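Report on the structure given below.
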Amino acid sequence: MSHDETLKESLTRNGVSRRGFLKFCATAASIMALPPSMVPAIAAALESARRPSVIWLSFQECTGCAESLTRSHSPTVEGLIFDAISLDYQHTLQAAAGDAAEEAREEAMKENWGKYILVVDGSIPLGNPGYSTIAGISNLDMLKETAKGAAAIVAVGTCATFGGIPKANPNPTGAVSVSDIIKDKPIVNVSGCPPIPVVITGVLAHFLTFGTIPELDELGRPKVFYGNNIHDRCYRRPFYERGEFAETFDDEGAKKGWCLFKLGCKGPITYNACATAKWNEGTSFPIESGHGCLGCSEPNFWDMGGFYKALSQPAVDVSQTAAYALGAGAVAGLGIAALNRKKKADVATDHQTVTIHDLRRNDPSKTEAEDS
Amino acid sequence: MSEASLERGIAALKEQIDAPVAAFFSSCTHCGMCADACLFHTETGCPTYTPIYKVEPMRRLWEQEYTLLGRAKKALGLSKPITEEELEKWQSKVYNTCTLCGRCSMVCPVGNDITGMIRKMREGMSAGGFAPEGLIGASERAVEIGSPMGVRLPALKAQIKHAEKDTGLAIPMDVEGAEYLVLLSSMEIMNYPEYLHAITRIFHQAGKTWTLCSEAFEATNSGIQIGSSDIAAELVGRVVAAAEKLKVKTVISPECGHAYTAIRWEGPNLVHKEFGFKVQHILEVLDELRAEGLLKTEGIEEAKLTFHDPCQLVRRGGVVEQPRNLLDMIAPNFVEMEDSGVMNWCCGAGGGVSANEDADKVRNKAFNRKKKQLESLDIDVVVTACANCRIQLEDGLEINEMDIPILGLTEMLAEHLKEDKPVEEETS
Amino acid sequence: MNSADFLLWVRGTGLQIATVIFVFGVVLRLFEILTLGHKKNLAVTRGSGFKEGFRNILTRSLPRDKNTLRRSMFTIVTGYVLHIGLFVVIFLLAPHISLFEGIFGFGWPSISTPIVDLFAVLTMIALLAILYHRLTNPVLKFLSTKQDYFVWALTFVPLITGYLSYHHLFLNYNWMLGIHILSVELLMIFLPFTKLSHAFTLFIARWYSGSMMGEKGVKS
Amino acid sequence: MSNVNTCASLDTGNDILILHEIRHALRKLLDDGESTIIDLRAIPMAPGEEARIEAMLGQGELSATLNALGKSTINETAFSGAWLITHYNTEDEILGKFIEISKLPSILASQHEDIEVALEQLTHQLLV
């Protein structure tokens with residue numbers, strides 16, 4: 001498959017009809033969360049789209065993100081989009097290993113300098129370069145080197161986007177995100193642990209279709225997927241409004257499908273497309289399965305005070321702190337009380353009885369007047 | 001010889017600040033409701049007369065002396081010290097425009113006893129030499145002569161002679177073992193001798209033993225008004241000594257508001273001991289006699305009348321029902337004025353204001369409140385139970401050209417006394 | 001610092017700091033006040049000061065006589081709306097209850113969120129009315145110090161930020177929620193050391209005045 | 001109330017909104033001839049809600065199956081002019097679900113490019 005071939009040509013070569021192409025475009029629009037009315041424009045753009053080269057780097061990660069993406073049965077639309085790109089380096093998926101693999105990367109970089117998309121999953125350890133290396137190259141060096149020639153970077157998964165689990169307190173490896181290191185390239189953060197597969201492909205489809213990166217939110221995430229709050233789009237929201245909450249995972253409330261806020265649902269502070277895109281081929285999403293949202297697409301989700309602790313509860317143990325403060329307050333209070341009581345005792349001791357002879361002050365002007 | 005000084009004033013305030021004061025200052029939110037309750041504010045519209053503002057120097061002192069943050073600020077030189085000029089300026093707020101009437105303490109939503117704090121503020125003011133000349137003079141006369149108005153024993157004796165002649169009854173003086181020790185206010189001796197006549201006849205009818213005391217006939221207490229516990233204790237001490245010497249069961253406070261507060265409520269605390277005798281206001285005694293059937297009246301008062309509640313009796317003293325029970329006996333045309341009872345408006349002369357010439361102008365202005373209350377009633381007579389209120393009502397009504405007579409309740413009851421001769425003969 | 005870091009900080013370290021200062025402050029202030037003592041009343045009393053003190057704690061919350069009500073109508077009405085509103089908003093909103101549950105280990109039933117929302121709006125209207133009153137009424141204008149305006153803001157900001165975050169207005173929810181929590185933490189920090197301390201000293205004040213009046217037989 | 005039944009009470013209220021939207025689109029189709037497509041995947045649904053919408057829409061006179069990149073079903077609903085289109089992949093997993101309000105869903109019509117290919121193929125076949 002040549003890089004010069006357009007997507008349309010690639011599809012035609014595979015015997016896909018125009019109807020099939022339209023079906024592809026309709027689904028792609030849906031994936032990109034664009035309105036169906038955009039389908040003709042998408043079709044027009046895709047007809048002339050060229051296959052971009054993609055280099056995929058994996059650092060401190062668990063391969064869950066790649067799993068999420070590739071577990072989709074082929075040829076799904078996600079699969080088709082992957083067919084439409086040229087994945088030139090992905091050390092988990094590629095057949096080549098060792099020096100051959102690294103050569104493939106260097107070659108792809110050279111060939112497509114300034115044009116390729118760099119996909120990164122996993123965080124980068126700054127604590128000690130030896131914590132994570134590929135072919136003896138530290139993650140930091142490889143990222144910096146590969147990023148130089150990239151047209152854009154897609155950070156996939158919460159580790160790459162925000163540091164994720166490796167960065168969780170106490171962050172033993174000194175893990176940081178891609179955007180902590182690379183400052184001079186457009187970076188699209190596709191967060192989630194793992195991200196929703198169609199969101200990953202949606203971003204690639206966007207790049208493929210329009211040659212640009214989608215509009216991003218303040219955390220660098222595509223607004224079309226991360227613009228909506230889980231809580232706002234949650235079908236259990238009416239229970240929240242009515243104050244109907246499941247208190248445990250097996251109480252009546254839980255059986256009736258009441259709101260999971262008190263069971264630690266982080267929906268209110270989580271932005272992701274789970275409520276609409278759903279998981280497992282659109283079957284459901286965690287809340288629908290009776291478990292609160294973990295907030296996995298948000299920074300620091302691992303340190304939010306516990307998955308089963310309500311969002312409005314303190315992320316730390318306040319009761320203990322309050323007890324110490326109470327003691328300290330009592331000690332300080334007794335201290336000031338002792339000082340106050342001494343002051344009062346002193347003024348009482350020094351009290352000179354007021355008689356009618358000392359109701360007037362010694363006013364110099366009056367004395368003078370009396371004298372004269 | 002010692003003399004007043006800012007330092008003594010501040011020391012006195014430091015002594016006065018206690019847990020309630022600290023709680024009150026900590027709770028005030030500057031909501032301004034006390035201003036709406038104070039007749040000096042409502043009748044003048046002057047915001048500086050807002051009750052809580054009258055104790056502002058004491059608040060600052062509390063903060064600087066008795067709070068951790070305030071002490072820290074003071075140590076760092078960040079707080080504004082109390083100065084002579086300031087307290088001089090505060091004289092008119094603390095004395096001229098406060099009758100210690102207690103309405104502010106009733107309405108304060110956080111429950112601050114603002115009146116009580118102004119009373120405490122006066123301790124500092126008097127010890128510091130910031131009391132008004134009028135009250136200093138009254139205190140001097142009270143201590144030296146025995147009466148703030150300078151009334152001496154011979155004057156009382158002259159009145160006794162008159163009363164004995166009018167009533168045909170002997171007025172006991174210095175009688176040991178009498179049930180009641182009757183105290184008088186100078187105003188009653190000078191302006192309202194009818195009171196003495198009235199109680200002579202009432203006690204005679206009730207068959208109660210009573211006495212006056214030549215060493216302590218004065219009930220009023222300038223020390224309370226000027227706000228000096230030391231002077232107040234000296235004056236109360238005379239009454240206590242008399243009561244103990246004559247071994248009376250009960251000391252009766254006359255128709256006077258602050259005298260009642262001074263002897264009944266502050267008295268034991270001023271002399272630091274519990275009394276071995278009871279203290280009652282004359283209205284309490286009369287109501288007891290009524291309940292026991294020892295006070296019999298005949299005829300009714302035809303006039304439409306109302307009762308002016310003296311502040312120190314209702315709000316600061318808890319005597320509310322007694323005058324109404326007594327009026328029920330003889331006054332079918334009795335009407336309550338608006339806000340009567342514990343929320344009644346002050347006449348404007350209490351708390352030493354009447355003894356303070358500096359306050360004359362504002363006192364007359366404050367009387368407007370009473371004037372409006374009375375105007376709305378269309379009454380023939382005002383009855384009260386405090387000689388100080390009575391004088392203020394008379395003055396105020398005269399200035400406003402309103403012709404309504406003012407009567408003391410005791411004397412009005414005496415006018416309707418049913419002289420039960422046969423019973424009297426049987427007992428005698 | 002992104003919104004998540006901020007939110008984590010206010011829910012963690014920030015809350016710790018605020019709690020320490022708040023609890024320390026309240027306890028310190030209670031000691032400061034109560035240890036100043038109150039002389040025993042030697043006069044023969046008419047009623048139990050102890051009992052009347054507690055009665056006053058409750059009855060001072062009820063409206064006074066109708067003329068006082070009329071004369072101080074604005075202050076009383078806005079005061080009621082403000083305090084009832086604050087009670088509902090602070091103690092009956094589900095997430096707040098869950099916070100108390102997290103700290104004290106027990107909770108109580110919540111009421112429906114739109115009702116709490118309505119109370120929040122009423123409370124804010126009352127606070128704005130109170131501010132207007134403070135700025136225009138001669139007595140209040142005269143009495144008010146910088147601190148009065150400061151504590152007004154301390155009270156208003158948590159309400160408005162809570163309202164905005166609930167309705168997802170103005171800023172991203174996470175930022176707004178973080179600011180809301182931070183504003184409450186500021187409120188907690190300053191409460192013991194400003195006039196806001198009346199939230200707890202009021203009970204002491206009412207008890208003392210109620211018992212002093214009660215001993216004299218005056219219904220306070 | 002049994003636990004099973006209560007689940008049916010879960011409701012985002014979006015089902016009724018969609019019916020309103022369809023009604024509006026039908027009016028637009030009649031007045032201006034303009035067609036509308038609603039992406040059901042972009043709307044949050046409570047469990048069972050999507051099935052409820054489909055039940056409410058019912059089955060109309062026409063149904064067609066398309067075989068391109070997997071199956072697609074195109075069913076006219078009981079409301080003429082409103083079509084339910086479901087795209088499947090080759091594994092019969094649903095890729096997308098749309099409601100199209102038009103006289104005929106555009107994907108049903110033979111496509112210009114495909115006809116060109118057909119013409120070419122037929123010509124070629126006849127020449128051989």
Side-chain angles (χ1 to χ4, degrees), chain B residues 17-33 35-37 41-42 45-48 50 52-53 66-69 102-103 105-113 116 264-269 271-275 278-279 314-320 338-339 341-343, chain C residues 28-29 32-44 46-47 56-57 60-61 64-65 67-68 71-72 75-76 79 130 133-134 137-145 147-148 151 193 195-198 200-210 212-220:
Chain B
I17 292 168
D18 57 3
V21 170
F24 297 158
F25 282 137
S26 300
S27 300
C28 174
T29 63
H30 280 172
C31 76
M33 270 177 73
D36 296 336
H41 169 256
T42 61
C46 190
T48 50
T50 303
I52 194 68
Y53 189 64
Y66 294 118
T67 70
L68 185 69
L69 280 191
R103 282 192 101 250
S105 300
M106 295 301 283
V107 303
C108 175
V110 294
N112 288 353
D113 182 12
R264 174 71 175 90
W265 302 116
E266 288 212 25
N269 298 310
V271 299
H272 309 297
K273 66 172 184 187
E274 287 176 21
F275 288 170
K278 245 164 72 174
V279 178
V314 282
R315 268 190 297 284
R316 309 300 283 178
V319 178
V320 185
E338 205 174 14
D339 295 320
V342 287
M343 290 309 289
Chain C
L28 170 75
R29 292 302 321 281
E32 238 173 45
I33 293 167
L34 294 170
T35 55
L36 278 175
H38 180 45
K39 278 197 187 126
K40 187 178 177 287
N41 179 19
L42 297 171
V44 179
R46 283 214 181 92
N56 192 41
I57 289 178
R60 277 279 157 151
S61 297
R64 298 266 103 189
D65 61 288
N67 281 336
T68 300
R71 269 186 288 269
S72 303
T75 309
I76 293 173
I130 286 166
H133 200 211
R134 211 173 256 300
N137 177 285
V139 168
L140 292 175
K141 212 168 119 186
F142 172 78
L143 272 187
S144 299
T145 57
Q147 199 197 91
D148 289 312
V151 299
F193 307 105
K195 286 168 175 297
L196 295 173
S197 63
H198 77 273
F200 60 96
T201 61
L202 145 143
F203 299 102
I204 310 172
R206 284 183 179 180
W207 187 84
Y208 274 126
S209 63
M212 287 189 283
M213 290 186 197
E215 287 180 345
K216 293 180 182 177
V218 180
K219 290 275 176 229
S220 49

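Just so it is clear: chains get the letters A, B, ... in the order the sequence lines come, proteins before strands, and each one is counted from 1. All figures in this text were calculated on a predicted structure; none of them were measured in a lab.
The CD atom of C:E32 sits 6.0 Å away from the CG atom of B:L68 when rounded to the nearest 0.5 Å. Note that SG of B:C28 and NZ of C:K195 are 4.5 Å apart. Values are rounded to the nearest 0.5 Å. Taking OG of B:S26 as the start and CZ of C:F193 as the end, the distance is 11.5 Å to the nearest 0.5 Å. Residue C:I76 holds its CD1 atom at 4.0 Å from CE of B:M33, rounded to the nearest 0.5 Å. Annotation: the span from B:M343 atom CE to C:N67 atom CG amounts to 8.5 Å, rounded to 0.5 Å.
Under the 4.5 Å side-chain criterion, counting only non-hydrogen atoms from C-beta, B:K278 is not in contact with C:V44.
Between the side chain of B:R316 and the backbone N or O of C:M213 there is no donor-acceptor pair closer than 3.5 Å. The main-chain N or O of C:K216 is never found under 3.5 Å from a side-chain atom of B:R264 such that the two would form a donor-acceptor pair. Formation of a donor-acceptor pair under 3.5 Å by the B:N269 side chain with backbone atoms of C:L42 is found in this model. Without hydrogens or angle criteria, C:S209 side chain to B:D113 main chain gives no donor-acceptor distance under 3.5 Å.
The candidate from B:L69, B:T48, B:N112 with the greatest count of non-hydrogen atom pairs under 4.5 Å with chain C is B:T48. Considering only heavy-atom pairs separated by less than 4.5 Å from chain C, the leading option among B:Y53, B:W265, B:F275 is B:W265. No other option in B:T42, B:V342, B:D339, B:V107 has as many heavy-atom pairs under 4.5 Å with chain C as B:D339. Of all the listed residues (C:Q147, C:R134, C:R29), the one sharing the greatest number of non-hydrogen pairs under 4.5 Å with chain B is C:R134. Looking only at heavy-atom pairs under 4.5 Å with chain C, the residue among B:A37, B:A35, B:C108, B:G45 that has the most is B:C108. Note on B:G116, B:G317, B:A22, B:P268: by heavy-atom pairs under 4.5 Å with chain C, the leading option is B:P268. Put simply, of C:G217, C:S61, C:G37, C:G79, the one with the most heavy-atom pairs under 4.5 Å next to chain B is C:G37. Taking chain C as the reference chain and counting heavy-atom pairs below 4.5 Å, the highest number among B:G318, B:P47, B:G32, B:P20 is found for B:P20. Most heavy-atom pairs under 4.5 Å with chain B: of the set C:L28, C:I33, C:I204, C:L202, this distinction falls to C:I33.
Residue contact with chain C, scored on non-hydrogen atoms closer than 4.5 Å, involves the side chain of B:T50 exclusively. Neither the backbone nor the side chain of B:C46 comes within contact range of chain C; no heavy atom of the residue lies under 4.5 Å from a heavy atom of that chain. Contacts between C:S72 and chain B at a heavy-atom distance below 4.5 Å involve backbone atoms as well as side-chain atoms. With a 4.5 Å cut-off on non-hydrogen atoms, C:D148 touches chain B through its side chain but not through its backbone. The parts of C:K40 that come within reach of chain B are both its backbone and its side chain, each placing non-hydrogen atoms under 4.5 angstrom from that chain. Only the side chain of C:T75 comes within contact range of chain B, judged by heavy atoms closer than 4.5 Å. For chain C, no part of B:V320 is nearby; none of its heavy atoms comes within less than 4.5 Å. Heavy-atom distances place the backbone of B:K273, and not its side chain, under 4.5 Å from chain C. Looking at B:P109, the atoms closer than 4.5 Å to chain C (heavy atoms on both sides) all sit in the backbone: N, CA, C or O.
Of all the heavy atoms in B:R315 and C:V218, the pair that sits closest is O-CG2, 3.2 Å. Closest non-hydrogen pair, C:L34 versus B:A19, comes out as O-CB, 3.9 Å. Listed here is the closest heavy atom pair of C:A205 and B:F24: O-CE2, 3.3 Å.
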Please determine whether side chain to side chain contact (heavy atoms under 4.5 Å, CB included) holds for the pair C:K39 and B:D18, giving the CA-CA distance in whole Å, both sets of side-chain angles, and the decisive distance to 0.1 Å. CA-CA 8 Å; C:K39 278 197 187 126; B:D18 57 3; over 6 Å; no
